[in-house]
Amino acid sequence: MAALWLARASSQLARRAARRLPPLPSRHGGEPSPWFLGSSVAAPPPVLGSPPLPPLERIARRGFCSVRRFAGESSAAAAAADEEEPENGFAGGDQAIDFPGGKVSFVAEMNFLPESHGERISCYRVLDDDGRTISGSRFQEVSKEVALKMYIEMVTLQIMDNIFYEAQRQGRISFYLTSNGEEAINIASAAALSIDDIVLPQYREPGVLLWRGFTLQEFANQCFGNSMDYGKGRQMPIHYGSNRLNYFTVSSPIATQLPHAVGAAYSLKMDKKDACAITYFGDGGTSEGDFHAALNFAAVMDAPVVFFCRNNGWAISTPTTEQFRSDGVVIRGQAYGIRGIRVDGNDALAVYSAVHAAREMAIAEGRPILIEALTYRVGHHSTSDDSTKYRPVDEIEHWRTARDPISRYRKWVQGNDWWSDAEESELRRRVRKELLQAIQVAERMPKPPFAELFTDVYDQIPSNLREQERLLRETIMKHPADYPTDVPV
Amino acid sequence: MAARALREAGRRRGWAAEVGRRCFSGGSAGAAVAEPKEGVAEGGKAVNLFTAVNQALHIALDTDPRAYVFGEDVGFGGVFRCTTGLADRFGKSRVFNTPLCEQGIAGFAIGLAAMGNRAIAEIQFADYIFPAFDQIVNEAAKFRYRSGNEFNCGGLTIRTPYGAVGHGGHYHSQSPEAFFCHVPGLKVVIPRSPREAKGLLLASIRDPNPVVFFEPKWLYRLAVEEVPEEDYMLPLSQAEVIRKGSDITLIGWGAQLAVLKEACEDAAKDGVSCELIDLKTLIPWDKETVEASVKKTGKLLVSHEAPITGGFGAEIAASIAERCFQRLEAPVARVCGVDTPFPLVYEPFYMPTKNKVLDAIKATVNY
C-alpha cells in the first residue's frame, strides 16, 4: 500500500515540480529591491552538468522497478489530478507534508542534489580590462568628486603599503601587512558606505579606515606603537581601530569579528538606525566556525549586516583549492538563506555598486547580504612571509601588472578627462612626502608609559594588578638594563 | 509534589539539602514549580535559585531598555526555567532563542555589548561553553585592552549552569571555572544561594566588564531562601565570612558551600571551630578577606568540585602560602574532584563530599 501511494503521489509531484518552482516566501513583505533578481535566487539550483550518477541509475532500474510500473499505470489518474490541482499546488493534501519548517513535496526519483551547479557562478563586472564600461552594465553612478577621491585614496593606500613595507624591512617597525592588489576592494567598498555604518575588519582593509579619515600620521603612530597610538602600543602593527570612525579594532584571530558584526547589526536594527554593519574576511576565514555561526545567526535574526569576503586566492600559503570544494564563497549564502553576489574585486565600480546595493537591501529589508569579491593577494601574506616559496613569480607579476585594479580604474577616470598625468605625479610626490614625514614624527614620539601596561584590563585597576605594578616597578629600579629605555616608567 | 518536598527540605536546611540526593531539573516537566506562597519574612519571599535568577533578569530588562537576554531555548523559559515569562513581558526582540551554536552566542553577544547594550547570554550548560572559549578568551576578555579603551564589551554577561547534579555524567556536571580564571579581563562570579544569585547577577550584568556567571544548577530548585523582591546588588570581588570560627578557615564557592557548611556543623560537634568563607568572585578575587582569616586561624582548607590539578584552589593555596607562610600551622588542604573526567556511576566517589572535607579538617587541625 505504501509503495502504491508513494508511486502515485510522487509521479504527479515530480511533473509538477518540473513545471513550477515555488518562490521563496518573502519574510519582509515589502517590495523586493530592484537589485534583487528574484528568479535567480528563488529557483532551486538546476541540475546542470551534474554527472549522470550511473550506479544509482542502475539501482533505480532494478530495485525500484515496481514503483516505476505503478507510476506508469496511474498516469491517467495523475493527469486528471493535475487538472484539479488548486492554486497552492498541493492537491489532495497527502502529496506534501507540513514538516516543521514548512511544507515539502515528494518525488518518486531518488535524486541527490548535485555537489555543484556545474558552471561556476559568474562575476559582476562594470569595467573591462582597459577601464571601459562594459556595454549594458548596470552600476551605481559616481560623481566626479567621489570618483577622484576614490582614485586618490587607492593610490595613497598603495604608497602607504610600499613605504611601511620598506620601513619594516629597514627594521624601523616590527611587522607589516600590505593590501597590494586589493586597493579597489578597500576603497570602493568604503566609498559606498556611510560613516554611521559599523566596520568590523579583518586586517587587510586599512583602506576603509583611510577613506573614513584616519590620517597617515594615525596609521604611522599605530605601526610604531607610540604614545599617540590609540591601542597604547599593545598590539602588533596594522591592528588599527577608531571609535570616532566606527572602525572596530583589529584582532588577529581569523573570523572572530563576524559574529560581532551580527550583534552590532542587531543593535543598529533595534535602534532603528539608518545604518548597517559590514565585516570583512578572507577566503581562509570562511573555513572557521565563526563564519558559519555568523551567517546562520544573521539569517535567523534578520540582521542588517554585509559580509564582505575578499577571496584573494591565498590563506598565507594555502590556495583556495585546499581550502574548500565549493564554488568559492558566495554559493554558501544560499544554504543559509542569505542573498549574495560575486563581484570582480579588481573593478572599483563593480565593488562600489555591489556594496551600495547590498547596504540598501540590508537596511531597508533588514537582512544580511554576502559579497564575494574575487581578487588576488599580490603581496606576501605579511612581512613574515615569502610567497614566492609557494606560488609562481609569473603569476604574482601578472596580477601586479596586467590586472592591477588601480591602473584599470585610472584608465576609466582619465577616460572621463577627470585626471591627468601631471596630477598623478603630483599626488604621488605629495603622499610620499607626507608619509615620510609621518614616519619621522611617529618614530620620535615617546612610547606609551609603563603604567598603561595595567590599565584597560578592567574598567578600573583591581588590587592584584596594583600589587603587580608595584612589584614590577621595584624590579625595574633594580635591573634597569633589562628594560627598554624608551618606555617612560 | 516532589518539587514541593524538595523545597521543604531546602528550607529546613537553610539554602541547600543533602549532598547525596539531588534533583536534576531538566526539561519543562517541572516547569510548574511556582514561587512558594508562604514564607514571607522580613527578607522577602522564600524562593528557589532559578526564581531568584529569573527575578534578576526581569529587573535587568525592566531597568535598562538596552538589555537583551538570549541563548538556546531561552524563549520559552529555558530548560532550567530561569528565563520564564521574560519573552512575554519584554518581547521577542529583547528575549529570544538563538541557533544552537555557543561560539555564535558569545560572538553575537560581544558585538551587541560593544554597541553599548547589556548582552545577557545563556550557555545552556557550562560543559558546552568550550566552543565559545575563543570568543570569550581572545575577544571578550581583550576587547578593552587591545583597543586602548576605544571599545569595550563590558555590558556582556554570560550565564551558565555548572556542577554536579547526581546523574549528569561527563557533559552535564563539569565545573570549568578555573579555565576562565586564567584570563585577565574577565570576571568570574559564582553564587551560593538564591539571595546571593539575585544580587550578584544584577551586579554582574551592570558591571562594566565581561562577566562569566556560573550558576550552581544543583541548587536551582533545591536551595530556597528568602529573597528581597526589590532591585539590589551585591558587591563583586568581595568575599564573605559566612560563619565565624577560630581553628581553621574553609573556603569555597557556589554549591560546594553547602557541603562545607555541613562539614563545619559536624566539626563543631567534635569541638573544632571552622571559619567559612564564600569567595563569590573568583577573579579578581578578594585575597584580603581570606588572608585576614587565615592569619587568625593559621589553617586553610580549599574545596571545589573541579579536578584538583590546576583548579582554582591551587591558586588560592599558593597565594595564601605566600602571604601567610609564617602564620600557617599546617599545609593548605585541598578537597576537590579527582583528576578524571566527570563520571556517571562513580559520581559519589568523585565528589568532594562532607566526610572527605571533615577528614581533611581533622587532619589539618591535628597536623
Side-chain angles (χ1 to χ4, degrees), chain A residues 198 200 229-235 239 241-244 247-253 255-271 277 279 288-290 292-301 303 305 448 452 454-465 467, chain B residues 65-66 68 70 93-94 96-117 119 121 131-132 134-135 137-154 156 184-187 207-210 236-237 283-288 319:
Chain A
I198 307 290
L200 295 103
D229 167 21
Y230 302 123
K232 302 180 186 172
R234 290 168 183 154
Q235 287 209 83
H239 290 63
S242 168
N243 191 311
R244 166 176 59 99
Y247 190 96
F248 273 66
T249 303
V250 171
S251 73
S252 311
T256 48
Q257 74 280 13
L258 271 67
H260 304 174
V262 185
Y266 191 81
S267 180
L268 292 171
K269 185 175 162 176
M270 287 300 107
D271 292 343
T279 183
E288 290 282 4
D290 278 333
H292 158 74
L295 265 74
N296 194 41
F297 270 59
V300 170
M301 294 177 185
V305 51
E452 297 283 15
F454 296 98
T455 60
D456 303 333
V457 181
Y458 299 95
D459 67 314
Q460 297 186 2
I461 303 177
S463 60
N464 60 320
L465 286 182
E467 187 192 347
Chain B
R66 300 194 71 87
Y68 296 85
F70 49 91
S93 58
R94 291 182 63 202
F96 48 89
N97 289 339
T98 63
L100 205 165
C101 180
E102 288 76 15
Q103 68 193 94
I105 294 170
F108 174 87
I110 291 166
L112 191 62
M115 297 290 286
N117 303 290
D134 183 47
Q135 283 289 349
V137 173
N138 273 331
E139 298 296 324
K142 298 169 178 58
F143 219 85
R144 189 193 297 274
Y145 194 76
R146 72 157 181 246
S147 70
N149 207 22
E150 286 277 296
F151 298 96
N152 74 81
C153 64
L156 170 67
L186 295 180
K187 293 191 176 183
D207 188 87
N209 298 285
L236 303 186
S237 291
I283 54 160
W285 65 291
D286 179 2
K287 275 182 203 169
E288 289 69 27
S319 292

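Proteins come first, then strands; the chains are lettered A, B, ... in the order of their sequence lines, and each starts at number 1.
In this structure B:Arg146 satisfies the salt bridge (charged side-chain N to carboxylate O under 4.0 Å, His left out) test together with B:Glu139, sequence neighbours excluded. Applying the ring pair (Phe, Tyr, Trp, His ring centres under 6.0 Å) rule to B:Phe70 yields the partners B:Phe96, B:Phe108; only residues at least two apart in sequence or on another chain are considered.
Looking at A:Glu467, the atoms closer than 4.5 Å to chain B (heavy atoms on both sides) all sit in the side chain, from C-beta outward. For a residue to count as touching a neighbouring chain, one of its non-hydrogen atoms must lie under 4.5 Å from one of that chain's; by this rule A:Glu452 touches chain B with the backbone only. Heavy atoms of A:Asp271 lying under 4.5 Å from chain B belong exclusively to its side chain. Both the backbone and the side chain of B:Asn149 have a heavy atom closer than 4.5 Å to some heavy atom of chain A. Using a 4.5 Å cut-off between heavy atoms, B:Lys142 does not touch chain A at all.
Among B:Gly104, B:Pro99, B:Ser147, the residue making the largest number of heavy-atom pairs under 4.5 Å with chain A is B:Pro99. Interface remark: of the candidates A:Thr249, A:Asp459, A:Val457, A:Asp459 forms the most heavy-atom pairs closer than 4.5 Å to chain B. Among the candidates A:Gly289, A:Ser252, A:Pro462, the residue making the largest number of heavy-atom pairs closer than 4.5 Å to chain B is A:Gly289. With chain A as partner, the option from B:Leu186, B:Asn97, B:Asp286, B:Asn152 having the largest number of non-hydrogen pairs under 4.5 angstrom is B:Leu186. Between chain B and the residues A:Leu465, A:Asn243, A:Leu258, the most heavy-atom pairs under 4.5 angstrom are made by A:Asn243. Chain B forms the most heavy-atom pairs under 4.5 Å with one residue out of A:Ala261, A:Gly263, A:Ser242, A:Gly231, and that residue is A:Gly263.
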key: side chain to side chain contact (heavy atoms under 4.5 Å, CB included) assessment of B:Glu288 paired with A:Ser463   = CA-CA 10 Å; B:Glu288 289 69 27; A:Ser463 60; 4.3 Å; yes
task = Quick one: do A:Gln460 and B:Asn209 satisfy side chain to side chain contact (heavy atoms under 4.5 Å, CB included)? Show the steps, please.
result = CA-CA 9 Å; A:Gln460 297 186 2; B:Asn209 298 285; over 6 Å; no
task = Take B:Asn117 and A:Met270, measure what side chain to side chain contact (heavy atoms under 4.5 Å, CB included) needs, and give me the verdict at the end.
result = CA-CA 11 Å; B:Asn117 303 290; A:Met270 287 300 107; over 6 Å; no
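In terms of modelled atom types and a separation under 3.5 Å, the side chain of B:Tyr145 and the main chain of A:Tyr458 share no donor-acceptor contact. A donor-acceptor pair under 3.5 Å links the side-chain atoms of A:Tyr266 to the main chain of B:Ser93, judged by distance alone. Side-chain atoms of A:Asp456 do not come within 3.5 Å of backbone N or O of B:Arg144 as any donor-acceptor pair. Distance alone, capped at 3.5 Å, is enough to place a donor-acceptor pair between the B:Gln135 side chain and the A:Thr256 backbone. Remark: side-chain polar atoms of A:Asn464 are not paired, donor with acceptor, to backbone N or O of B:Trp285 under 3.5 angstrom.
Scanning all heavy atoms of the two residues, the minimum distance from A:Gly241 to B:Glu150 falls at O-OE1, 4.2 Å.
Residues A:Phe248 and B:Phe143 form a side-chain contact, since some pair of their non-hydrogen atoms from C-beta on lies under 4.5 Å apart.
In this structure, CE in A:Met301 is found 9.5 Å from CG in B:Leu112, a value given to the nearest 0.5 Å.
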